[in-house]
Enquirer: 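Dropping a structure here in C-alpha cells format, bear with me for questions.
Predicted model, so just to flag it, every value in this text is computed and none were measured. First listed ligand is number 1; within each ligand, the first listed atom is number 1. One is the number of the first residue; the rest follow in order along the sequence.
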Amino acid sequence: MTVRSISILGATGSIGSSTLDLLRREPDRWRVVALTAHTSALELARLAREFRAELAVIADEARLPDLREALAGSGIAAAAGAGALVEAAARPADLVIAAIVGCAGLAPTMAAIAQGRTVGLANKEALVSAGEVMTAAVARSGATLLPVDSEHNAIFQCLAGNEPAHVRWITLTASGGPFRDWTAEQLAAATPAQAVKHPNWDMGAKISVDSATMFNKGLELIEAWHLFPVGLERLRIIVHPQSIIHSMVEYRDGSTLAQLGPSDMRVPIASVLAWPQRMDTPCAPLDLAAIGELTFRAPDEERFPATRLCREAAQAGGAMPAVLNAANEVAAAGFLAGQIGVTRIAAYVEDVLSCYAPAAPGSLDDVVAVDAEARLRARALMESA
Ligand code: NDP
C-alpha cells in the first residue's frame, strides 16, 4: 500500500474534521505533515497528537504558548502566525487540503500552488478573490487543483473524459438555504441562529450565512468560471431543495450528466483524497425510493440578489470579484455579530461594488491590497449607516 502525505489547512473546521474523519478510517495510508487552525489551539494539538502530524500551526500568535504546552513532549513542531501558515502550506506533501475559511486562506493556498502541489480546494473565497492570479500560478507551477466543493467536485466528475468545447451548459444546483421559502418580511427579521441552521448540510458559520443569502452559490459561480473554461454564459444555477444532484453538465448532443450523492461532504472529500481512484466512505447509500422526489425551480433574484451581484462582478472582471468577496465577508460577519440584518448583506456588497473599481490585480500582493481596502470600505459603510 502506498503511503501518501497530506497537509490540512483549516484542520479544526467543518471540512478539516470531515477530511480527518476519512483519514482516521485508513490510518496506514496517510502520513500527516501539517495541520493548521486559527484560534483553536487545544483542538489543534489534540488532532496533531492523534494523527502524529509533523507540524501544527496556529494563525493567532497569541495562542502559540497554549499550543506549545499542549504539544509538550510529543515531538510535534509548533509555530504561529501568517508566515508559519505559508511555510506549512509549502512543505512537501502529496496533497494539501485548503480548508481555511475566507480570504485568510489565500496566501497559504497560493504557497501550496507555487510549489506545484496537488491542492484539494475547499477555500472558494481564495479562488474568487485571486481569480486569474491563482489560475496563472497553477499554470506556471504545474499544480493540480481538485475541487472539494460538492458542486465543483460533481462538475469535475461529470467533465471527466469530455472536451469543454462540447459543453452546452454547466448547471450548479443550490439547496436554496434555510430561508428558501421565506417572505421578504420574514427575511428582514431573520436571526444568525436561524441562518446557520441549514436544512441539508452541516457547515461552518460563514458558509452557512452565505448559503442563506445565496452568496455561496454566487461565489461558486465565479469559482466554476475559473475552474472550468466554458465561459460565464454557459454557467447557470438551479434551486434543487433536496441537495441530491450536486451539479450537472449538459453536452451539445443533449446528454446531461449529473453527479448524485448524500448531502455529506465526506463524499466529495473522499473523491479528492482517492483521486484518480475511489475509496470507501461511511456514508449511507443513496436511497432514491425513500427520497421520492427531486424537484427544481429557478432562483429568485428579487429576494436573493447575491447571485446577480456575483455574476455582474465576474462580468466586470478585474478586481471586482475580490471586492465583492471582501465586502461579503465583512457584511456576513456583521450579520453574525448581530450588527445588521441578513437582507443588508447584499445591500452593503452592492454599495461597495458601486462606489469604486480598483485596477485588476496582477499579483498576490495586489489581491491582498484590494481585499484590505474593500474591507475598510465595507466596514466604513456599515459604521456610517
Ligand atoms: P469552518 O469555519 O468550520 O472552519 C474554518 C477553518 O479555518 C478552521 O480550522 C479555522 O480555525 C480556520 N480559520 C478561520 N479563520 C482563519 C484565519 N483567519 N486564519 C487561519 N485559519 C483560519 O469553515 P468550513 O470548514 O465550513 O469552510 C472552510 C472552507 O470550505 C470555506 O471556504 C467554505 O466556503 C468551504 N466549503 C465548506 C463546506 C462545508 O460543508 N463546510 C462545503 C464547501 C466548501 P479555528 O477552528 O481555530 O477557528
Enquirer: Which protein non-hydrogen atom lies closest to atom 25 (O) of ligand 1, naming both residue and atom, and how far is it?
Expert: Ile15 N, 2.9 Å

Enquirer: Can a salt bridge be assigned to the pair Arg311 and Glu301 using a cut-off of 4.0 Å between side-chain N and carboxylate O?
Expert: no

Enquirer: Test Lys124 against every option in Glu151, Glu220, His152 by the side chain to side chain donor-acceptor pair (under 3.5 Å) rule and name the one that passes.
Expert: Glu220

Enquirer: Could you report the tightest heavy-atom contact between Asn325 and Glu125, atom names first, then the distance?
Expert: OD1-CG, 3.2 Å

Enquirer: Apply side chain to side chain contact (heavy atoms under 4.5 Å, CB included) to Ser14 and Met265, showing your working.
Expert: CA-CA 9 Å; Ser14 164; Met265 284 306 295; 5.9 Å; no

Enquirer: Strictly by modelled atom types, are Asp253 and Ser255 linked by a side-chain donor-acceptor pair under 3.5 Å?
Expert: yes

Enquirer: Considering both backbone and side-chain atoms of Asn216, is one of its nitrogen or oxygen atoms within less than 3.5 Å of a nitrogen or oxygen in ligand 1?
Expert: no

Enquirer: Given that the side chain starts at C-beta and the backbone is N, CA, C, O, which of these parts of Thr39 lies under 4.0 Å from ligand 1, counting heavy atoms, or is it both or neither?
Expert: both

Enquirer: Check Pro282 against Asp21 and note the closest heavy-atom contact, atom names and distance.
Expert: CG-OD2, 4.3 Å

Enquirer: Does an N or O from Gly204, backbone or side chain, lie closer than 3.5 Å to an N or O of ligand 1?
Expert: yes

Enquirer: Check step by step if side-chain hydrogen bond (donor to acceptor under 3.5 Å, both in side chains) holds for Asn200 and Ser263.
Expert: CA-CA 6 Å; Asn200 304 347; Ser263 311; 4.9 Å; no

Enquirer: Could you list the atoms of ligand 1 found under 4.0 angstrom from a heavy atom of Met265?
Expert: 40 (O), 42 (C), 43 (C)

Enquirer: Can an N or O of Gly13 be found at a distance shorter than 3.5 Å from an N or O of ligand 1?
Expert: yes

Enquirer: Test of understanding: given a 4.0 Å heavy-atom threshold, classify the contact between Glu125 and ligand 1 as side chain, backbone, both, or neither.
Expert: side chain

Enquirer: Specify side chain, backbone, both or neither for Ser150, according to which of its non-hydrogen atoms lie closer than 4.0 Å to ligand 1.
Expert: neither

Enquirer: Within ligand 1, which atoms have a heavy atom of Ala11 less than 4.0 Å away?
Expert: 9 (O)

Enquirer: Do other residues, nucleotides or ligands put more than 12 heavy atoms under 6.0 Å from Glu69 CD?
Expert: no

Enquirer: Using a 4.0 Å cut-off to any heavy atom of Gly10, which atoms of ligand 1 qualify?
Expert: 6 (C), 7 (O), 9 (O)

Enquirer: Under 4.0 Å, heavy atoms only, figure out whether ligand 1 is touched by the backbone of Ala122, its side chain, both or neither.
Expert: both

Enquirer: Please name the residue in the list Ile15, Thr36, Thr109 that meets the side-chain contact (heavy atoms from CB on, under 4.5 Å) test with Ile100.
Expert: Thr36

Enquirer: Supply the atom-to-atom distance Ile170 CD1 to Arg234 CZ, rounded to the nearest 0.5 angstrom.
Expert: 10.0 Å

Enquirer: So is Thr12 polar-close to ligand 1, meaning N/O to N/O under 3.5 Å?
Expert: yes

Enquirer: What do we get for Ala99 next to ligand 1 when only non-hydrogen atoms under 4.0 Å count, side chain, backbone, both or neither?
Expert: backbone

Enquirer: Does His38 approach ligand 1 within less than 4.0 angstrom via side chain, backbone, both or neither, non-hydrogen atoms only?
Expert: both

Enquirer: Among the heavy atoms of Gly16, does any lie under 4.0 Å from an atom of ligand 1?
Expert: no

Enquirer: What is the nearest protein non-hydrogen atom to atom 5 (C) of ligand 1, stated with its residue, atom name and distance?
Expert: Val101 CG1, 3.7 Å

Enquirer: In the protein, what heavy atom is nearest to atom 36 (N) of ligand 1, and what distance, to one decimal place, separates them?
Expert: Ile207 CD1, 3.5 Å

Enquirer: Under a 4.0 angstrom heavy-atom cut-off, which atoms of ligand 1 come close to Ser40?
Expert: 45 (P), 46 (O), 47 (O)

Enquirer: Looking only at protein heavy atoms, identify the closest one to atom 29 (C) of ligand 1 and say how far it is in Å.
Expert: Ile100 O, 3.7 Å

Enquirer: Would you mind checking which non-hydrogen protein atom is closest to atom 43 (C) of ligand 1, with the distance to 0.1 Å?
Expert: Asp149 OD1, 2.9 Å

Enquirer: Closest non-hydrogen protein atom to atom 18 (N) of ligand 1, residue and atom name please, with distance?
Expert: Ala104 CB, 3.3 Å

Enquirer: Run the salt-bridge test on Glu50 and Arg46 with the 4.0 Å N-O cut-off and return the result as yes or no.
Expert: yes

Enquirer: What protein heavy atom lies closest to atom 20 (C) of ligand 1? Include the residue and the distance to one decimal.
Expert: Ala59 CB, 3.5 Å

Enquirer: Looking at side-chain heavy atoms only, is the closest gap between Leu309 and Leu324 below 4.5 Å?
Expert: yes

Enquirer: Quick check against the 3.5 Å criterion: does Ser129 have a side-chain atom that pairs as donor or acceptor with the backbone of Ala126?
Expert: no

Enquirer: Under a 4.0 Å N-O cut-off, is there an ion pair linking Glu163 with Arg252?
Expert: no

Enquirer: Under a heavy-atom criterion of less than 4.0 Å, does Lys206 contact ligand 1?
Expert: no

Enquirer: Among all protein heavy atoms in this structure, tell me which lies nearest to atom 3 (O) of ligand 1, with the distance rounded to 0.1 Å.
Expert: Ser14 N, 2.9 Å

